[in-house]
Structures are given as structure tokens and as C-alpha cells.
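Notes for the one structure printed next.
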2 protein chains.
Amino acid sequence: MDGEVPDFVGTVLTGTVSLTKIMPDGRIQMVAMLRPGNFLGHPYRAKSSYNAVASTSVVMCGFRRKPFERLLRKIPELGQGLLEQSSNELDAARDWMLLLGRKTAREKVASFLIIFAREKVTQDPSLMKKQIYLDLPYTRAEIGDFLGLSLETVSRQFSAFKDDSVVDPDGKRGVTVVDYPALLAETGNDADGGWLA
Amino acid sequence: MDGEVPDFVGTVLTGTVSLTKIMPDGRIQMVAMLRPGNFLGHPYRAKSSYNAVASTSVVMCGFRRKPFERLLRKIPELGQGLLEQSSNELDAARDWMLLLGRKTAREKVASFLIIFAREKVTQDPSLMKKQIYLDLPYTRAEIGDFLGLSLETVSRQFSAFKDDSVVDPDGKRGVTVVDYPALLAETGNDADGGWLA
DNA sequence: CGGTATGTTGACGAAGGTCAAGTAGGGTGG
DNA sequence: CCACCCTACTTGACCTTCGTCAACATACCG
């Protein structure tokens, strides 16, 4: 599924939606990864030139823009929630900017994997010392678009981490994180870290 | 001036404030450029690990966080303005991500210059066909932090644009844009473009 | 069972980073 | 007013990282 963001807004219920930017010559950069609970679209802003791509099958709760803005005016508490979410996304975008501008390919791929691994570790901290199986919602090419890398470089970094027994790729989209602390150390971040490892 | 963002929020009145992220080994990425009218700090979010740097002398209108949040609850319209601003910054951040992830050094520098040149052109469209003098608020090193480049690469791109008679550096922070349309064409964007050229 | 998507690996080259030397302004103290 | 110094900027030589192109492997789907 692929197309212009239409004149509606909504929240993601299940699945993963990606927003991408594309240059006239076809270069692509992913600029947002929306997971369940995240909000898609800007109230009060008609045009934003993104493409929305559903990476897995997605269920959304959508509203057309105009009625939603009326609702928003009636229930100001709603706006506060949106402001918080927007601030969160802004923070995430800025971690991502550090990644894009300054991290090496190896650090980028490690950071990418940590996003998904950390999600599981947060649910069950004991996983930190075990193997963590991940089902990535992206192909190598999409991971490249996420990280600002070519798909070949992404593939090579996966292989390198496999050689170092940090990670073990399994089929197309599966990976098991063999050594979570080691992977975390490869991200180039200090311990606390933001959204992006 | 340099330091942690303290427990306050506020709007920039004059000057330019930059937010940067720094990695343990010292690599730096600028993640926001706040100009007059922009808001600094997230209501409802205590910690964000940025450094705020005033690139020029700055006047701000600041509030401590707690009283401001009370104010915000009393006047919901205020929140709407903040949401709009936050959405705008998010859009800007995403244009910036495309730049960081996918543009060449030459395109990055062109895009950087266009941000400032466009500001002037918007005020006076006739400038588009004239020479535009800019007083950049940044050193080469800071431009590098903005664009995810080394300062040497920034310098080389300035020289290259000078050789091509697109731009004419003047002293430390001065530049005159000799050929605005040519510079625009170097950004790699299609005509409309977002915040970042 | 064959075909298309995706992933891996190798060889090579180009873009940009690093290191190093030298230059140019701008401000300060003599 | 001039000499000096400190900071920013420029330029060159070299090297690393990553992108590109290409061949091949694997997996998924009809």
C-alpha cells in the first residue's frame, strides 16, 4: 500500500506505518515509524509532502480532518494529548537526526535493532540476558531507507554482527539478538539513550 | 553560552538558538535551529537530553515549567498554538532527516544557504534575481554540525560554489548569493520544497 | 516446479573524513 | 598605531567508509 497522505488523520491501532520523503531522482528517506498508539497527520495543517507506507497489515482509527478539528475544539484535553505525542515524535526525530548525521553504518544498524529489542526488554527485563527473537517489519531496502544506507551496506552489517555472534539473522525478516548488552554497546549511545537506543 | 536545557520553557524573541545532541565520544549533531517566534522546551516533558547553544546574542521570553503548565491548562487556545508550532518543527525535522540521510555534501550546503536566502526572498521577491547578502549565524564548524559534515568539507563546498559563481563568501560569516535560482537547483529538491529548500 | 522478490557477497570507485600546513581577520595590549 | 595572538578558514595529501555494479543464492508464491 502506498500513496499520498489523504485529507484525514487518525491513530494506528495495529501494525506499522512508515512515512517517507522522496527526492525528484528517487532517493528515499524514511522519516517516521508509527506504531500502535501513534497519531498520523497534523491537525490544522493541510499539506505535508509525505508518503505513507504500511509495512505490515495495519488497522487504523481514522477521522476526516474537518470534523476532527471541530471535535478538538470542543474537547481541549484531546489537544494536550496530541501535543504530548507531537513532542515525543519530535524527540524521536532528533535522536534519529543524530543517527543519520553522525553514526557509522555499524552503529546505525545496531541502533535500529535495539529499537525493537528494547521494546521487548521493557516488557520483560529478564530477556536482557537471554536471546531475543525479533520479527522485523522491514526488508533490507526499507531498513536502508530508515538508516540512510544502501541495502547492501545493511546486509553487510547484519553479516558482520553475525560473525561477531551478536545477532543471528533468520530468513527474511527474522533476527535473534544473541547478545543484547553487546548490541547496545555498538549503538554509540551512553547507557540511558533516547528512543533510538 | 552553553549548558543543559534547564527546567524552563520560553519563546525566542531575537537571535538564534541551536539545540544539539552529543555522543559520548564527542560527535555532535545540531537538531534544531530556533529563530524568533519559536518555542523552546516541551511542556509536560521533564527531560530531553539536548544542549542549547546561543549562536548569536539572544533575547528570550522564559517561564519556569510548572507555572507555565498551569497557565496552559487555564488557556487551552495556548495549547493549540503550541501544537501547531510543534507540528511545524516536526515537519522541519523531517525535511532535515532527508537532508542528513540522503543528500550529498554539495546539496547539503546549498540547502543550508537557501534556508537563509529564502527568508529574505520571501520578504522581497524581487531579490530572487539580484544578489542576496547573508550574515550567517554560524561558523564553518557549526554548519558542519548542522549538516552532518566535517568543517573542511563545508569549506570545500563553499569554495566550489564560489568557483561556479553561485555564491561569494565574504569574511567569516558573510556570503552573498550571486545566483539564487542556480543555488536552488543545487539543493536536490523540487521547486516547492519545504522548510529546508 | 519455475519465477520473482529479497538477500548475500565480491570487486571496485567515489565521496567525504582526517591529518597537517599555511593564511587571513579581529581584537588586545604595548 | 602597530605587533601579536587567537580563532576561524582554506587547501592539500591521503585513507576509510560506504555506494555502485554485478553475480549468485535463497526463499516465497503461484
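All values below were derived from every heavy atom in this structure, side-chain atoms included, with hydrogens, water molecules and symmetry-related copies excluded. Here is the naming used below: chain letters follow the sequence lines, and residue numbers restart at 1 for every chain.
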With sequence neighbours excluded, residues passing side chain to side chain donor-acceptor pair (under 3.5 Å) with A:Glu186
A:Arg106
So the contacted stretch of DNA chain D, first to last nucleotide with an atom under 4.0 Å from a non-hydrogen atom of chain B, runs from D:dA8 to D:dA13
Can you check the B:Leu147 CG to C:dG17 P distance for me, whole Å?
10 Å
Name all residues meeting the salt bridge (charged side-chain N to carboxylate O under 4.0 Å, His left out) criterion together with B:Asp163; count only those two or more places apart in sequence or in a different chain, and write none if there are none.
none
Salt bridge (charged side-chain N to carboxylate O under 4.0 Å, His left out) against B:Lys162, all qualifying residues, sequence neighbours excluded
B:Asp168
Atom CZ of A:Arg27 and atom C1' of C:dA15 are separated, to the nearest Å, by 13 Å
If you apply the rule side chain to side chain donor-acceptor pair (under 3.5 Å), what do you find for A:Ser86 with B:Ser86, and how did you get there?
CA-CA 6 Å; A:Ser86 179; B:Ser86 180; 2.6 Å; yes
Taking distance alone, no hydrogens or angles, what donor-acceptor pairs closer than 3.5 Å link side-chain atoms of residues 151-159 of chain A to residues at least two apart or in another chain?
unit_1   : atom_1 : unit_2   : atom_2 : d
A:Thr153 : OG1    : A:Ser150 : OG     : 3.0
A:Ser159 : OG     : A:Ser155 : O      : 3.2

Does C:dA5 count as syn, meaning its glycosidic angle lies within 90° of 0, or as anti?
syn
With a sphere of 6.0 Å drawn around CZ of A:Arg64, does it hold more than 12 non-hydrogen atoms of other residues, nucleotides or ligands?
no
Give one of base, sugar-phosphate or nothing for A:Gly144, where a contact means two heavy atoms less than 4.0 Å apart.
nothing
Nearest whole Å is fine: how far is C:dA15 P from B:Lys103 NZ?
18 Å
Rounding to an integer number of Å, can you tell me how far B:Lys108 NZ sits from C:dG16 P?
8 Å
Please enumerate all residues that pass side chain to side chain donor-acceptor pair (under 3.5 Å) together with A:Gln85, with sequence neighbours excluded.
A:Asn38, A:Glu89
Side chain to side chain donor-acceptor pair (under 3.5 Å) partners of B:Tyr180, counting only residues at least two apart:
none
Any pair with a residue in residues 23-33 of chain B that passes salt bridge (Lys or Arg N to Asp or Glu O under 4.0 Å), sequence neighbours left out, goes on the list, sorted by first then second residue, please.
A:Glu107-B:Arg27, B:Asp25-B:Arg27
Under the ring-ring contact (aromatic ring centres under 6.0 Å, His included) definition, can you give me all pairs with a residue in residues 19-40 of chain A, not counting sequence neighbours?
A:Phe39-A:Phe68
Would you mind building the protein contact string for nucleotides 4-9 of chain C? One character per nucleotide, 5' to 3', B for base within reach (heavy atoms under 4.0 Å), S for sugar-phosphate only, - for untouched.
--SSBB
Could you work out how much the helix from C:dT6-D:dA25 to C:dG30-D:dC1 bends, comparing the axis of its first five pairs with that of its last five, to 10°?
40°
Need one value for A:Gly174: base, sugar-phosphate or nothing, where a base atom within 4.0 Å counts as base even if backbone is also close, heavy atoms only.
nothing
Tell me, please, which residues at least two apart from A:Asp124 pass side chain to side chain donor-acceptor pair (under 3.5 Å).
A:Ser126
